[in-house]
Amino acid sequence: MVSEEKIPVHVTIIMDGNGRWARQRGEERLFGHNEGRESVRACVEYAVEKGIRYLSLFAFSEENWNRPRAEVEGLMHLMLKAIMDETPLFHKNGIRFRVLGDMSRLSKELRAQIDDCMTQTETYERLTLVIFLSYSGKWDIVQAANRFMKENPGKELDAGALEKYLATAGIPDPDLLIRTSGEERLSNYMLWQTAYTEFYFTDVLWPDFRKTEFQYALDAFSKRERRFGKI
Ligand code: FPP
């Protein structure tokens, strides 16, 4: 713990390394994703405890659709099950659940489960948990620009107008982005929204990223001086 702890409003995490974690144990990749689910729960609980208002997680990118079918199906099943199992935790802790991304590619069953959980939790304000599913930063910017043009024919687009059409409209930009597993890139995640985000990279694989590791990231954030382009 650092002397003066600054709590970020919005923490976003690129959860990486489930496959490697499983391989190190001679297991299938889905074994790693399953254990990664435990890290999701631990981080959600810790975010509530720390008073973080928004926690967002990059769970499945547009590019991830190109993984082997069995892994994609396994991950979608895991999402469905996680939402079903964790809804009571959302009620208990006042967590608003949201999913952002290209919903048209998800199964009807998963979409229905997501809609149900989002409706059940929409009035909660303690923590907003955002899951990015079938999402990519370029997709978001393009869909926002297209919707703007459709709804405002002949009008010129500016930054403020575009932001209102991004999938993340109404959600503050992330203060802190964490990526696990030693990779140090954005991988087509929130390209627009991370303009002034602080980045924290760790070699720890996602299934091993729990409360203590989360606190290390928060400690690092507390020490950063954010100037937003000013001096
Ligand atoms: C990246 O590891 C992880 C994913 C693509 C999936 C993340 C999903 C979960 C943690 C499951 C639970 C999620 C929720 C929201 C309940 P990787 O497969 O790219 O690992 P590798 O880089 O070691 O191969």
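Note that ligands are numbered from 1 as they come in the structure, with each ligand's atoms numbered from 1 the same way. This chain uses plain numbering: 1 for the first residue, then up along the sequence. Because the structure is predicted, anything quoted here is derived from the model rather than measured.
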- Report the part of Arg67 in contact with ligand 1, treating N, CA, C, O as backbone and CB onward as side chain, heavy atoms under 4.0 Å; options are side chain, backbone, both, neither. side chain
- Note on the structure: Here the atoms of ligand 1 under 4.0 Å from any heavy atom belonging to Ala82 are 16 (C)
- Decide whether an N or O pair under 3.5 Å exists between Arg37 and ligand 1. no
- Do Leu166 and Ile141 touch side chain to side chain, with heavy atoms closer than 4.5 Å? yes
- Message: Looking at Glu122 and Arg98, is any side-chain nitrogen of the basic one under 4.0 Å from a carboxylate oxygen of the acidic one?
- Response: no
- Message: I want to check something: taking the side chain as every heavy atom from C-beta on, are Pro174 and Val11 in contact at a cut-off of under 4.5 Å?
- Response: no
- atom 1 (C) of ligand 1: closest protein heavy atom, distance to 0.1 Å, is Met15 O, 3.0 Å
- Message: Are Phe221 and Asp175 packed together at the side-chain level, in the sense that at least one heavy-atom pair is separated by less than 4.5 angstrom?
- Response: yes
- Query: Side chains of Arg210 and Tyr46: closer than 4.5 Å at any heavy-atom pair?
  - Reply: no
- Message: I need the contact type for Asp16 against ligand 1. Using non-hydrogen atoms and a strict under-4.0 Å cut-off, is it side chain, backbone, both or neither?
- Response: both
- Query: When you check the gap from the basic side-chain N to the acidic O, do Arg41 and Glu45 get nearer than 4.0 Å?
  - Reply: no
- Would one find an N or O of Asn18, backbone or side chain, under 3.5 Å from an N or O of ligand 1? yes
- For atom 7 (C) of ligand 1, which candidate among Pro207, Ala59, Ser61 holds the nearest heavy atom? Ala59
- Note on the structure: Taking only non-hydrogen atoms of Asn64 and a 4.0 Å limit, the atoms of ligand 1 in range are 5 (C)
- Message: Please work out, at 4.0 Å between heavy atoms, whether the side chain, the backbone, both, or neither of Arg29 comes within that distance of ligand 1.
- Response: side chain
- Message: Closer than 4.0 Å to some heavy atom of Arg20 - which atoms of ligand 1 meet that?
- Response: 21 (P), 22 (O), 23 (O)
- Task: Would you kindly specify which portion of Leu205 sits under 4.0 Å from ligand 1, judged on non-hydrogen atoms: side chain, backbone, both or neither?
- Result: neither
- Task: May I ask you to decide whether Glu151 forms a salt bridge with Lys164, counting only side-chain N to carboxylate O separations under 4.0 Å?
- Result: no
- Is the ring centre of Phe132 less than 6.0 Å from the ring centre of Tyr189? yes
- Task: Evaluate the ring planes of Trp65 and Phe60, with Trp represented by its six-membered ring, and classify them as parallel (under 30°), tilted (30 to 60°) or perpendicular (over 60°).
- Result: perpendicular
- Query: Which of parallel (below 30°), tilted (30 to 60°) and perpendicular (above 60°) describes Trp206 and Phe209?
  - Reply: parallel
- Note on the structure: Counting heavy atoms under 4.0 Å, the part of Trp206 that contacts ligand 1 is side chain
- Do NZ/NE/NH1/NH2 and the carboxylate oxygens of Glu49 and Lys211 come within less than 4.0 Å? yes
- Kindly confirm or rule out an N or O of Gly19 lying under 3.5 angstrom from an N or O of ligand 1. yes
- Any idea which protein heavy atom is nearest atom 11 (C) of ligand 1, and the distance to it? Leu78 CD2, 3.5 Å
- Heavy-atom contact under 4.0 Å between Ser181 and ligand 1? no
- Quick look: Ile83 vs ligand 1, heavy-atom contacts under 4.0 Å, and the answer is neither
- Item | Atoms in ligand 1 flagged as close to Ile131, the criterion being non-hydrogen separation under 4.0 Å | 15 (C)
